[in-house]
Visitor: 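Take a look at this one; I'll ask things after.
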2 protein chains.
Amino acid sequence: MSLSKLIGVRTDEVQAKRERRKEARPGELLDAALDLFVEKGFAATRAEEVAARAGVSKGTLFLYFPSKEELFKAVVRENISGRFKEWNEEFQAFEGTTAEMVRACMTIWWERVGATKASGITKLIISEARNFPDIAAFYQQEVIAPGQDLVRRILKRGMDRGEFRVLDLDYATFSITAPMVFLIMMKHSLGACIPQDYPLDPQRYIASQVDLLLDGLQVRK
Amino acid sequence: MSLSKLIGVRTDEVQAKRERRKEARPGELLDAALDLFVEKGFAATRAEEVAARAGVSKGTLFLYFPSKEELFKAVVRENISGRFKEWNEEFQAFEGTTAEMVRACMTIWWERVGATKASGITKLIISEARNFPDIAAFYQQEVIAPGQDLVRRILKRGMDRGEFRVLDLDYATFSITAPMVFLIMMKHSLGACIPQDYPLDPQRYIASQVDLLLDGLQVRK
DNA sequence: GTTACATTACTAACCAGTCAGTCATTAATT
DNA sequence: AATTAATGACTGACTGGTTAGTAATGTAAC
C-alpha cells in the first residue's frame, strides 16, 4: 500500500506513485494489450502504449513478457478458457426442444462471450491470422474446433429427434457460427468506428437470425 | 550498379531491365499493394515490398503515390466499383421466384466478387477500420449501404409477392450478408493460413446457406 | 541532347528491447 | 520504536535496427 493512500492524499491529480504490485501487473498488462491489439492491430500498437495504459513504464512490460510477440501470444492464451466441457454438459442436460436449444445457444453465447472483452480475441485472430499462423492454428484447435463440435452436436440432436430436416452437418454449422462471427466483427470493427451507421442491436439481431434459421424465409404452405 | 552488370553477366534471367511504362505502373502498384495489405495488414507491409512485387524500386512507388496512406486509400478506391446500378437493373429484370433470386444473388456475388481479388478489400476494411475511420465510413457509404439496399429490395419483393413471410427487413438482410462476409474472412484469414483445417468449398457452403435460409432448419409439418 | 521516368543512396523518425540506477518495502538490528 | 541494511520491482534514457520518404544520379526514349 502506498504512502499517499495511507495518509489519504488525493492521488488523482498528483503524479501516480511508484508501487510494487508484482501479482497484479501481468493481468493488467494483458488487459491493456488486448484492448489495444483489438483496436489497432498487432503491428500498429506500441509496447510503450500498452505499458502506459497499464499504468506502468515500458521497462516493466519487458520484465513480465520477453517480447511483444510473446505478449501477443499470452493475450490470446489468457482468453482461451476451456469452457467447452462445462457447456457440453449444460447442453447434455437440456430438456427442451432443439429449436429452443439453438436459441439458447446463441443468446447465452452473446451474453458470456460476444458481449465481453473475450470476443475481441476473435477479431484479433481473424485480423492477424496470416501474420501469426501458429497462433491461428492453436486458436483453431482450442476454440473453433470445439465450438463447431458443440454446434454440430446440437444440430445432430435436432436431426435424431426428427425436429430438424436432414442436414449437411459439415456446412450447416456455419449457419450458426457465421452470424456470431459477423456480429463480433461489427462490434469491434465497423460498428466501433462508425456507430451512427450501425445502430445494431445485438439482441434483435440474434432474434432475427434465429427466427430465420429455424423457419426459413419462405411462407409455410 | 550490381557486380553482375559490371562484369557483363547475362542479366535477362537475373533481373528485368529498366523500363519506362508510365501508364501501367499505378495499376501494377495497386495490385501488388492490395495483395500485401490483405495478407499482412497496413502497418506490417513495407513500401519497398510493394514496389518489389510490382517489379519496381521503392522510389518509383513514391513517384506515383505521395505516401503509404494515400496508396492505401487509392487501393480501396480503385476497388470500389459502382456496379450496383447495373446489378439493380439485372434484378429489376429478373422474372423467376424470389427464392431463385436469392440463390442467384449469392452465387453470382461469389463469382463476381467473393472469388476475385476484390473480396480482399472487404477483409482489409474490416481489419483496418479502426485505424482508418474515414476510409471505413467511405466504404460504408459506397459499398455496404448500396449492398444492403439491394438485398433489402430482394427480400421486400419476396414479401410483396407473398413468397416470403413478414420480415424485420432491417435485420433480415444480415441473414444474407453475414454468410458472405464470413466466407470472405475465411478465404483471406484462417482459411488462407490453415487450409488443412478449413477445406471449405465455397459452392457447397453457399448452397447450404441458401437452402437453410429459404426453408429453415425445422421439418415442415 | 533533352526530357521523363526510374534507381540508388541517403536521412530522419520511430520503436522494440536493454540496462544502470532508483526507491518503496521489508527484515534485521539496536 | 527507531534506525539501518538488503531486496527487487520499477523506471526511463539509451541503442541498434528498421523503414517511410527524399534527393542525387542514371538511363531509356524521342
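Chain A is the first sequence line, chain B the second, and so forth, proteins listed ahead of strands; every chain is numbered from 1.
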Visitor: Counting just side-chain N and O atoms, does B/Y64 come under 4.0 Å of either OP1 or OP2 of C/dC5?
Guide: no

Visitor: Provide, to the nearest angstrom, the distance between the CD atom belonging to A/E69 and the C1' atom belonging to C/dC15.
Guide: 16 Å

Visitor: Quick one: does B/M185's side chain get under 4.5 Å of A/V181's, heavy atoms only?
Guide: no

Visitor: Kindly point out which of C/dG17, C/dT7, D/dG21 is positioned nearest to the side chain of B/S67?
Guide: D/dG21

Visitor: Starting from P on C/dC14, measure out to CD on A/E49 and report it in whole angstrom.
Guide: 14 Å

Visitor: Roughly how many Å is it from CG in B/L61 to C1' in D/dT19, rounded to a whole number?
Guide: 13 Å

Visitor: Report yes if the side chains of A/K73 and A/F138 come closer than 4.5 Å at any heavy-atom pair, otherwise no.
Guide: no

Visitor: What's the CZ-P distance between B/F65 and D/dT22, to the nearest Å?
Guide: 15 Å

Visitor: More than 12 heavy atoms of other residues, nucleotides or ligands under 6.0 Å from CD of B/E90: yes or no?
Guide: yes

Visitor: Under 4.0 Å: is that the gap between some side-chain N or O of A/T60 and OP1 or OP2 of D/dT11?
Guide: yes

Visitor: Could you check how far CD of A/E48 sits from P of D/dG12, rounded to whole Å?
Guide: 10 Å

Visitor: Looking at B/S57, does any N or O in its side chain come under 4.0 Å of the phosphate oxygens OP1/OP2 on C/dT8?
Guide: no

Visitor: Round to a whole Å and report the spacing from CD of A/E70 to P of C/dG17.
Guide: 10 Å

Visitor: Roughly how many Å is it from CZ in A/F62 to C1' in D/dG12, rounded to a whole number?
Guide: 13 Å

Visitor: Could you tell me whether the side chain of B/Y171 and the main chain of A/A207 form a donor-acceptor pair under 3.5 Å?
Guide: no

Visitor: Judged by each residue's nearest nucleotide on DNA chain D, which is more toward the 5′ side, A/K58 or A/L63?
Guide: A/L63

Visitor: Write down the distance between NZ (B/K68) and P (D/dT19), rounded to a whole number of angstrom.
Guide: 9 Å

